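Throughout, protein chains are lettered first and strands after them, A, B, ... in sequence-line order, and every chain is numbered starting at 1. What you see is a predicted model, and the numbers here were worked out from it, not measured in a lab.
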2 protein chains.
Amino acid sequence: MRLSDMLTEYIMDMLEAEDNAEIRRNELAERFGCVPSQINYVLTSRFTPEQGYIVESRRGGGGYIRITRIRADKSTALMHIINSIGNELDNITAQIMINNLKSASIINDEAARLLLSAGAERTLGAVPPLLRDKVRASLFKNMLITMI
Amino acid sequence: MRLSDMLTEYIMDMLEAEDNAEIRRNELAERFGCVPSQINYVLTSRFTPEQGYIVESRRGGGGYIRITRIRADKSTALMHIINSIGNELDNITAQIMINNLKSASIINDEAARLLLSAGAERTLGAVPPLLRDKVRASLFKNMLITMI
DNA sequence: CTGACTTTGACTTTTACTGACCAAAGGTGT
DNA sequence: ACACCTTTGGTCAGTAAAAGTCAAAGTCAG
């Protein structure tokens with residue numbers, strides 16, 4: 001098996017667990033008994049943005065290379081969530097939903113905060129209690145759909 | 001973890017509480033077991049004006065280094081807007097506000113879309129018409145405040 | 001055989017850290 | 001006042017520890 005393929009597999013495996021893998025170039029090169037620049041070759045040939053990955057790195061002491069898998073199915077995931085929201089949505093469920101979306105890196109931190117504050121009980125204080133879950137459902141569906 | 005990062009974190013933590021952190025170079029260096037000039041390195045590499053910080057210092061007995069975080073216009077602009085929102089906010093005004101914030105690049109496109117859709121008439125359809133402007137005002141104030 | 005893909009290694013650039021030496025502010029004795 | 005010492009912080013150049021680049025050499029399917 002090709003060296004590049006083994007390295008690719010290794011990184012893919014790391015990304016299996018989390019969609020964020022951090023490696024140290026020299027260390028990895030040593031483990032695979034290859035030259036460090038081989039790692040760069042693998043990264044530029046198999047982990048490109050077109051293939052759904054973001055590679056960030058830092059040189060110098062304590063440097064690193066971080067590979068992030070982009071969720072291409074952002075829209076799919078969002079549509080799924082949107083469809084799962086019925087006519088009403090209570091705040092606890094909403095909070096869980098947002099946190100899930102955030103930790104799956106489907107939405108970013110700012111969007112999460114905006115959604116959470118929109119759905120907060122305090123924000124909807126002026127809405128008659130019996131209507132709140134209805135309004136919250138509408139808010140979330142309409143806000144999430146803008147992010148597709 | 002890098003020494004520089006630990007020092008950065010330490011200073012950031014101080015700035016969390018207040019916009020203003022005062023340190024003594026030698027003392028801090030000793031606490032982290034490094035040479036004093038390491039502190040300067042961290043300050044010049046991570047607390048530059050471009051990154052939104054001002055560093056002032058004074059030598060001699062009772063000397064100090066003071067790091068001040070400059071709150072970018074963003075917060076000021078947002079606070080200004082937030083304060084200008086009264087108890088009620090109609091949709092037209094809200095739309096103008098958001099577009100202004102966006103064209104001044106104080107908020108990004110996604111945030112603008114989220115705010116607009118939260119305030120839309122259709123989104124707030126379940127809210128009794130007489131309450132809508134109240135709810136919209138609350139929504140905007142609470143959402144904008146998360147972006148400060 | 002040829003062209004695309006792999007592998008290698010020499011050289012470059014960036015970042016982190018250290019230490020020797022410098023500069024300024026305050027304190028003190030005359 | 002002044003000279004001198006102490007207590008701070010500042011600078012800079014050197015070393016080390018990463019990662020990046022690029023072109024030459026190797027491999028392999030068609």
**Fill in**
When the rotation axes relating C1' atoms of four end pairs to the next four are compared across the helix from C:dC1-D:dG30 to C:dT30-D:dA1, five pairs an end, they differ to 10° by 10°
**Under the side chain to side chain contact (heavy atoms under 4.5 Å, CB included) test, residues paired with A:Thr8 that sit two or more places apart** = A:Met12, A:Val42, A:Arg46, A:Phe47
**Request:** Would you indicate what B:Ile39 reaches in the nucleic acid, counting non-hydrogen atoms under 4.0 angstrom: base, sugar-phosphate, or nothing?
**Result:** nothing
**Message:** So if I define the base as every atom that isn't primed, P, OP1 or OP2, how would nucleotides 21-30 of chain D read as a B/S/- string at a heavy-atom cutoff under 4.0 Å?
**Reply:** B---------
**Request:** Can you tell me which residue pairs pass the salt bridge (charged side-chain N to carboxylate O under 4.0 Å, His left out) test with a partner in residues 136-148 of chain A, sequence neighbours excluded?
**Result:** A:Glu121-A:Arg136, A:Asp133-A:Arg136
**Message:** Under 4.5 Å side-chain heavy-atom separation, chaining through any Ile, Leu, Val, Met, Phe, Trp or Tyr, what else clusters with A:Ile70? Say none if it is isolated.
**Reply:** A:Ile54
**Fill in**
Applying side chain to side chain contact (heavy atoms under 4.5 Å, CB included) to B:Leu116 and not counting sequence neighbours gives B:Gln95, B:Ile98
**Prompt:** Among all residues two or more places apart in sequence or in another chain, which pass the ring-ring contact (aromatic ring centres under 6.0 Å, His included) test with B:Tyr64?
**Reply:** none
**Complete:** Nearest-nucleotide check on DNA chain C, A:Arg46 vs B:Tyr41; residue mapping nearer the 5' end is A:Arg46
**Asked** Rounded to the nearest Å, what distance is computed from the CD atom of residue A:Glu30 to the C1' atom of nucleotide D:dA17?
**Response** 14 Å
**Asked** NA contact type, A:Gly63, heavy-atom cut-off 4.0 Å: base, sugar-phosphate, or nothing?
**Response** sugar-phosphate
**Asked** Sequence neighbours excluded, which residues qualify as side chain to side chain contact (heavy atoms under 4.5 Å, CB included) partners of B:Ala111?
**Response** A:Glu110, A:Leu114, B:Ile107, B:Asn108, B:Met147
**Asked** What is the distance from CZ of A:Arg66 to C1' of D:dA19, rounded to the nearest Å?
**Response** 14 Å
**Message:** I'd like to know if the side chain of A:Arg132 pairs up with that of A:Asn91 as donor and acceptor (distance under 3.5 Å, no hydrogens or angles considered).
**Reply:** no
**Prompt:** Hey, where on DNA chain C does chain B first and last touch, going 5' to 3'? Cut-off is any atom under 4.0 Å from a heavy atom.
**Reply:** C:dT15 to C:dG26
**Asked** Does B:Asn26 put a side-chain nitrogen or oxygen below 4.0 Å from OP1 or OP2 of D:dT7?
**Response** no
**Asked** Linking Ile, Leu, Val, Met, Phe, Trp and Tyr by side-chain heavy atoms under 4.5 Å, what else ends up with A:Ile92?
**Response** A:Ile96
**Prompt:** Could you give all pairs that pass the salt bridge (charged side-chain N to carboxylate O under 4.0 Å, His left out) test and reach residues 53-64 of chain B, with sequence neighbours left out?
**Reply:** B:Glu56-B:Arg66
**Prompt:** Using a cut-off of less than 4.0 Å, is there contact between a side-chain N or O of B:Arg58 and OP1 or OP2 of D:dT8?
**Reply:** no
**Message:** Under the side-chain hydrogen bond (donor to acceptor under 3.5 Å, both in side chains) definition, can you give me all pairs with a residue in residues 28-37 of chain B, not counting sequence neighbours?
**Reply:** B:Tyr10-B:Arg31
**Request:** May I ask you to test the B:Ile106-B:Ile81 pair for a side-chain heavy-atom distance under 4.5 Å?
**Result:** no
